[in-house]
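All residue numbers in this chain count up from 1 along the given sequence.
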Amino acid sequence: YSLDSGKVTPVTSEMNDSYDSVFDPDGKYLYFISDRDLNASVGAFDFSYVYNNPSRVYALTLRKDLPSPFAPESDEVKIEEKKEAEKGGKAEKKGEEAKGKEEKKEAGPVRIDLDGIEDRVAAFPIQPGNYGSLRAGKAAVYYLSVPPPTLTGGPNGPANDLHVFDMEKRKDDVLIPGIGAYDLSGDGSKIAYGTGDRYGIVDAKPGTTAKAGDGAVNTGDLQMKLDHRAEWKQIFDEAWRLERDFFYVPNMHGVDWPAMKKKYGVLLPHVAHRSDLTYLIGEMISELNIGHAYVGGGDAPQAKSVPIALLG
């Protein structure tokens, strides 16, 4: 989206799902995940095609004059370079110290060449999988690999692996195995992760490995003040707005959608539980008369089920 022209330009094909886009800190590339690997397998019982591991990480070069991050590299080695490297050890160290003392330059405007931009997409040299939660630092890109979805069964506990891809070495490694979620600090130096009810902070350095439990953060004394009614109103408003912005036809099946917000919004002061809110949102969305529009989730207590014996 251009702030100057107000124009939206697609940069990926409509033939594939592309998501989790993030700019690299220097504004040279746009990283994203896309489902483009259609490696079909056959089911064991009904011989239906199953498409697991469809996604991969991609890099979009934003300017024509920039090289692709995965352009071919020369494997030529010159003798002079080796001698210079031996002589330049101390000079390099002094140079790094001087560089650290230099004042940081202000970032200039990001330039994007829209002409032929989709032709400048390159896949990361990794195996296809189920990826998500893409983040980018100056020297590395981070993402989660997730087990294939299952209708029943599946892993017992968090089973996502946090990967780090070193952009200079073009190498992928697992930084933390077996976690639930994570995020990258603003300066790209630290990783905050969660696994079950445990949280931790570790270095976001490529080439290192951590495990769940490292850098543990004590959350026993954490407290949060929450205005439930204000939160419920926000959830209600955003649910209404999502349908307004993303319903598949602009006429909303002939329903006066702003009127529906007023009709059901007057009941918000009477909501006393998260389950009440879910019911209210469901009633509002049902006015659209469409299938596969589900409402659920939220911080509601779950009653423990008691299994009973079945006849036969």
query: Distance from Asn53 atom CG to Asn39 atom CG, nearest 0.5 Å?
result: 8.0 Å
task: State, to 0.1 Å, how close Lys261 and Met284 come at their nearest heavy-atom pair, and which atoms those are.
output: CA-SD, 4.3 Å
task: Mind telling me whether His253 and Tyr248 have parallel, tilted or perpendicular rings, with 30° and 60° as the class edges?
output: perpendicular
message: Looking at Leu175, is its backbone amide N or carbonyl O close enough to the side chain of Asp173 to form a donor-acceptor pair, meaning the two atoms are under 3.5 Å apart?
response: no
field: Any Ile117 side-chain heavy atom under 4.5 Å of Leu60 side chain
entry: yes
query: Where is the tightest heavy-atom contact between Arg56 and Ala123, given as atom of each residue plus distance?
result: CD-CB, 3.7 Å
field: Check: Arg120 side chain, Leu62 main-chain N or O, donor-acceptor pair, under 3.5 Å
entry: yes
- line: Nearest heavy-atom approach of Gly43 to Val50 is N-CG2, 4.5 Å
- line: So salt bridge (charged side-chain N to carboxylate O under 4.0 Å, His left out) across residues 269-298, not counting sequence neighbours, yields Lys263-Glu287
- request: State, to 0.1 Å, how close Ala204 and Leu184 come at their nearest heavy-atom pair, and which atoms those are.
  value: CB-CD1, 3.9 Å
message: Measuring only between side-chain heavy atoms, which start at C-beta, is Asn16 closer than 4.5 Å to Asp35?
response: no
- request: Determine, using the 4.5 Å side-chain heavy-atom cutoff (strictly less than), whether Ile201 and Tyr193 are members of one ILVMFWY cluster.
  value: no
task: Indicate whether any N or O donor in one side chain lies under 3.5 Å from an N or O acceptor in the other, for Ser189 and Asp187.
output: yes
message: According to a hydrophobic-cluster definition based on side-chain heavy atoms being under 4.5 Å apart (Ile, Leu, Val, Met, Phe, Trp, Tyr only), do Val249 and Val255 belong together?
response: yes
- request: Start with the C-alpha distance between Glu243 and Ile290, add both sets of side-chain angles, then the distance that settles side-chain contact (heavy atoms from CB on, under 4.5 Å), and finish with yes or no.
  value: CA-CA 12 Å; Glu243 296 294 343; Ile290 189 170; over 6 Å; no
message: Testing the basics here: between Lys138 and Pro25, what is the closest heavy-atom pair and its distance to 0.1 Å?
response: N-CG, 3.7 Å
field: Polar side-chain atom of Tyr182 near backbone of Tyr142 as donor-acceptor pair, under 3.5 Å
entry: yes
field: Side chain to side chain, Trp257 and Arg241, heavy atoms closer than 4.5 Å
entry: no
statement: d(Leu277 CG, Lys233 NZ) to nearest 0.5 Å is 12.0 Å
Leu66-Ile112 co-clustered via ILVMFWY side chain contacts under 4.5 Å: no
- prompt: Which atom pair, heavy atoms only, marks the closest approach of Ser55 to Asn130?
  reply: OG-CA, 3.4 Å
- request: Could you tell me whether the side chain of Asp214 and the main chain of Lys211 form a donor-acceptor pair under 3.5 Å?
  value: yes
query: Do Gln234 and Trp232 pass the side-chain contact (heavy atoms from CB on, under 4.5 Å) test, and can you show the C-alpha distance, the side-chain angles, and the key distance before you say yes or no?
result: CA-CA 5 Å; Gln234 180 184 353; Trp232 292 338; over 6 Å; no
- prompt: Roughly how far, to the nearest 0.5 Å, is CG of Asp237 from CZ of Arg244?
  reply: 10.5 Å
- prompt: Distance-only, no hydrogens or angles: does the Asp161 side chain make a donor-acceptor pair with backbone N or O of Gly178 under 3.5 Å?
  reply: yes
message: Is there a continuous path of hydrophobic side-chain contacts, each under 4.5 Å between heavy atoms, that joins Val42 to Leu38?
response: yes
query: Apart from Leu134 itself, which Ile, Leu, Val, Met, Phe, Trp or Tyr residues share its cluster (side-chain heavy atoms under 4.5 Å, direct or through members)?
result: Tyr19, Val22, Tyr29, Tyr31, Ile33, Val57, Phe70, Phe124, Ile126, Tyr131, Val141, Tyr143, Phe165, Met167
Gap separating the OG atom of Ser185 from the CZ atom of Arg135, nearest 0.5 angstrom: 11.5 Å
statement: Per salt bridge (charged side-chain N to carboxylate O under 4.0 Å, His left out), Lys64 is matched among Asp119, Asp115, Asp113 by Asp115
- prompt: Rounded to the nearest 0.5 Å, how far does CD1 of Ile285 lie from CE of Met260?
  reply: 13.0 Å
- prompt: Under a single-linkage definition using a 4.5 Å side-chain heavy-atom cutoff for Ile, Leu, Val, Met, Phe, Trp and Tyr, are Leu114 and Val8 assigned to the same hydrophobic cluster?
  reply: no
- request: Check the pair Phe236 / Leu280 against side-chain contact (heavy atoms from CB on, under 4.5 Å), numbers first and verdict last.
  value: CA-CA 9 Å; Phe236 178 87; Leu280 183 62; 4.2 Å; yes
- request: Find out whether Glu238 and Trp240 are in side-chain contact, i.e. whether some heavy atom of one side chain is under 4.5 Å from a heavy atom of the other.
  value: no
- request: Please tell me if the side chains of Ser34 and Thr12 come closer than 4.5 Å, counting only heavy atoms from C-beta onward.
  value: no
field: Lys190 vs Asp203 side-chain heavy atoms within contact, under 4.5 Å
entry: yes
query: So, the side chain of Asn160 versus the backbone of Val146: is there a donor-acceptor pair under 3.5 Å, distance only?
result: no
message: I'd like to check Val202 versus Thr208 (side-chain heavy atoms, cut-off strictly below 4.5 Å). Are they in contact?
response: no
message: Taking atom CG as the centre, does Asp227 end up with more than 12 heavy-atom neighbours from other residues, nucleotides or ligands that are less than 6.0 angstrom away?
response: yes
Beyond-backbone contact of Val121 with Phe32, side-chain heavy atoms, under 4.5 angstrom: yes
message: Nearest 0.5 Å, please: how far is CD in Gln127 from CG in Asp37?
response: 9.0 Å
